[in-house]
Protein chains: 2
Amino acid sequence: MVVRMDDACCGGLHSDAVADVRSGQLAEPLVLTLSEAFKALADPTRIRMLHCLLRRELCVCDLAEALGMTQSAVSHQLRYLRTLRIVKNRRDGNAIYYTCDDAHIAGLLQMGIDHAMHAGANEGG
Amino acid sequence: MVVRMDDACCGGLHSDAVADVRSGQLAEPLVLTLSEAFKALADPTRIRMLHCLLRRELCVCDLAEALGMTQSAVSHQLRYLRTLRIVKNRRDGNAIYYTCDDAHIAGLLQMGIDHAMHAGANEGG
DNA sequence: CCCTTACATGAGCATATATTCATATACTTT
DNA sequence: AAAGTATATGAATATATGCTCATGTAAGGG
């Protein structure tokens with residue numbers, strides 16, 4: 001394999017460091033999958049929605065009311081989460097109930113919450 | 001406190017569900033902190049950068065070369081991560097070395113990687 | 001002091017994102 | 001079938017984001 005060091009800065013001094021880091025790189029598809037997952041959690045609205053839907057099943061309008069959002073906004077975000085298979089829905093009459101039983105997302109969110117709660121305390125500066 | 005149910009849909013049938021979910025809501029500042037943290041991981045470039053900087057210390061140009069990016073793009077993202085105190089830097093001559101020793105970010109990223117590796121296997125649907 | 005190297009940063013641009021508004025669809029009731 | 005309720009969705013809009021290009025700043029060498 002060819003490792004280009006044409007435009008190497010540092011006079012190419014650290015080519016070993018670059019090679020080392022390069023060998024440990026994450027595969028591109030993995031990186032994309034990862035960023036996609038984190039992106040789902042990278043918005044206040046979606047965090048609130050998921051936190052609710054992890055707690056219990058809710059129909060769209062109840063979710064909208066609980067969050068003080070319009071039905072349309074909630075529905076658009078639900079479509080987003082549905083596309084990523086993060087939430088599921090079931091129909092009952094003309095209401096549609098959503099849930100989130102995605103263990104991965106739940107784990108990441110919970111870990112984030114735990115971290116955020118502790119943060120600020122050990123911000124040594 | 002007043003719980004509005006003016007524009008309650010479902011004829012206000014699920015007001016208990018709404019109240020329940022409302023009582024368990026995350027505090028706004030926490031939600032914002034959370035989304036900020038996840039946002040840092042919600043971009044392929046930053047994931048790659050952080051993965052490198054968790055592995056070892058790198059100067060800007062080496063990071064740029066390892067990732068096949070311009071120095072400017074890397075520098076902009078480093079500023080972003082620096083502002084969030086996710087990465088640290090130290091100067092040595094006219095090179096500036098960056099590292100990421102943020103345990104929270106490292107934890108989230110690792111958890112995401114683990115999950116992403118297993119995913120696809122149990123995609124029953 | 002001038003030049004080079006390494007990094008930072010502001011402006012501009014193209015794209016992505018989150019919401020709103022209007023409207024379409026699916027189901028229920030009469 | 002017609003009307004009502006709950007949800008979905010397309011278009012439009014405002015803002016955010018990530019990159020490039022040009023330039024500014026800090027440290028080192030002659």
Side-chain angles (χ1 to χ4, degrees), chain A residues 5-14 17-18 31-32 35-36 38-50 53 57-84 87-99, chain B residues 7-14 17-18 31-32 35-36 38-50 53 57-84 87-99:
Chain A
M5 34 186 62
D6 318 307
D7 33 292
C9 66
C10 312
L13 282 180
H14 311 141
V18 173
V31 171
L32 293 180
S35 68
E36 198 174 61
F38 285 122
K39 212 171 286 190
L41 292 165
D43 177 74
T45 292
R46 285 194 294 273
I47 288 179
R48 283 189 283 261
M49 290 176 60
L50 289 171
L53 295 177
E57 185 184 61
L58 286 171
C59 69
V60 178
C61 67
D62 284 348
L63 189 54
E65 187 179 335
L67 271 51
M69 298 175 55
T70 67
Q71 174 268 317
S72 182
V74 169
S75 206
H76 276 292
Q77 293 291 7
L78 284 173
R79 175 171 58 169
Y80 177 97
L81 295 171
R82 217 174 32 203
T83 301
L84 294 178
V87 299
K88 296 177 183 173
N89 58 4
R90 101 186 144 80
R91 171 152 233 148
D92 179 25
N94 51 10
I96 297 187
Y97 292 87
Y98 279 82
T99 45
Chain B
D7 33 289
C9 66
C10 310
L13 283 180
H14 311 140
V18 173
V31 171
L32 293 179
S35 67
E36 197 174 61
F38 285 121
K39 211 171 287 189
L41 292 166
D43 176 75
T45 293
R46 285 194 294 273
I47 288 179
R48 283 189 284 261
M49 289 177 61
L50 289 171
L53 295 178
E57 185 183 59
L58 285 171
C59 68
V60 178
C61 68
D62 284 347
L63 189 55
E65 188 179 335
L67 270 52
M69 299 176 55
T70 68
Q71 175 266 317
S72 181
V74 169
S75 205
H76 276 291
Q77 294 290 9
L78 284 173
R79 175 169 60 169
Y80 177 97
L81 295 171
R82 217 173 33 201
T83 300
L84 294 178
V87 299
K88 294 177 183 173
N89 58 5
R90 105 186 139 79
R91 172 151 233 149
D92 180 24
N94 51 10
I96 297 187
Y97 292 87
Y98 280 83
T99 44

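Here the structure is a predicted model, which is why all the values come from computation and not from measurement.
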Could you give the [atom1]-to-[atom2] distance, from [X] to [N], as a whole number of Å?
X       : N      : atom1 : atom2 : value
A:Phe38 : C:dA16 : CZ    : P     : 21 Å
A:Tyr98 : D:dA6  : OH    : C1'   : 11 Å
B:Arg90 : C:dA6  : CZ    : C1'   : 14 Å
B:Leu63 : C:dA6  : CG    : P     : 15 Å
B:Tyr97 : C:dC7  : OH    : P     : 8 Å
A:Ile96 : D:dT5  : CD1   : P     : 17 Å
A:Met69 : D:dA8  : CE    : P     : 13 Å

Any idea which heavy atoms bring [X] and [Y] closest together, and the distance?
X       : Y       : result
A:Ala17 : B:Leu58 : CB-CD2, 4.0 Å
A:Ile47 : B:Phe38 : CD1-CD1, 4.3 Å
A:Leu67 : A:Thr45 : CD2-O, 4.4 Å
A:Asn89 : A:Arg82 : ND2-CD, 3.7 Å
B:Ala40 : B:Leu84 : CB-CD1, 4.0 Å

Using a cutoff of under 3.5 Å, can you pull out all pairs of nitrogen or oxygen atoms linking the protein to nucleotides 10-13 of chain D, with atom names and distances?
residue	atom	partner	partner atom	Å
D:dG10	OP2	A:Arg79	NH1	3.2
D:dG10	O6	A:His76	NE2	2.8

Nearest 0.5 Å please: distance from the [atom1] atom of [X] over to the [atom2] atom of [Y].
X       : Y       : atom1 : atom2 : answer
A:Ser72 : A:Gln77 : OG    : CD    : 10.5 Å
B:Glu65 : B:Cys59 : CD    : SG    : 9.5 Å
A:Leu63 : A:Leu78 : CG    : CG    : 6.0 Å

Counting N and O atoms only, with roles assigned by atom type, does the side chain of [X] sit under 3.5 Å from a partner on the main chain of [Y], one being a donor and the other an acceptor?
X       : Y       : answer
A:Arg79 : A:Leu81 : no
A:Arg90 : A:Tyr97 : no
A:Arg46 : B:Ser35 : no

Any protein N or O atoms within reach of nucleotides 15-18 of chain D? Criterion: under 3.5 Å, listing atom names and distances.
residue	atom	partner	partner atom	Å
D:dG18	OP1	B:Asp43	OD1	3.4
D:dG18	OP1	B:Arg46	NH1	3.3
D:dG18	OP1	B:Arg46	NH2	3.0
D:dG18	OP2	B:Arg46	NH1	2.9

**Request:** Please tell me which of the listed nucleotides, C:dT20, D:dT7, C:dC7, lies nearest to the side chain of A:Cys61?
**Result:**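 Closest nucleotide to the A:Cys61 side chain: D:dT7.
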**Asked** B:Ala95 near the nucleic acid: base, sugar-phosphate alone, or nothing, with a heavy-atom cut-off under 4.0 Å?
**Response**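 Result for B:Ala95 = sugar-phosphate.
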**Request:** Mark yes or no for a side-chain to base donor-acceptor pair under 3.5 Å between A:Gln71 and D:dA8, with no hydrogen or angle criteria applied.
**Result:**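 Indeed, a donor on one side and an acceptor on the other fall under 3.5 Å apart.
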**Asked** Which letter, B, S or -, goes with each nucleotide of nucleotides 24-30 of chain D from 5' to 3', with contact meaning a protein heavy atom under 4.0 Å?
**Response** --SBS--
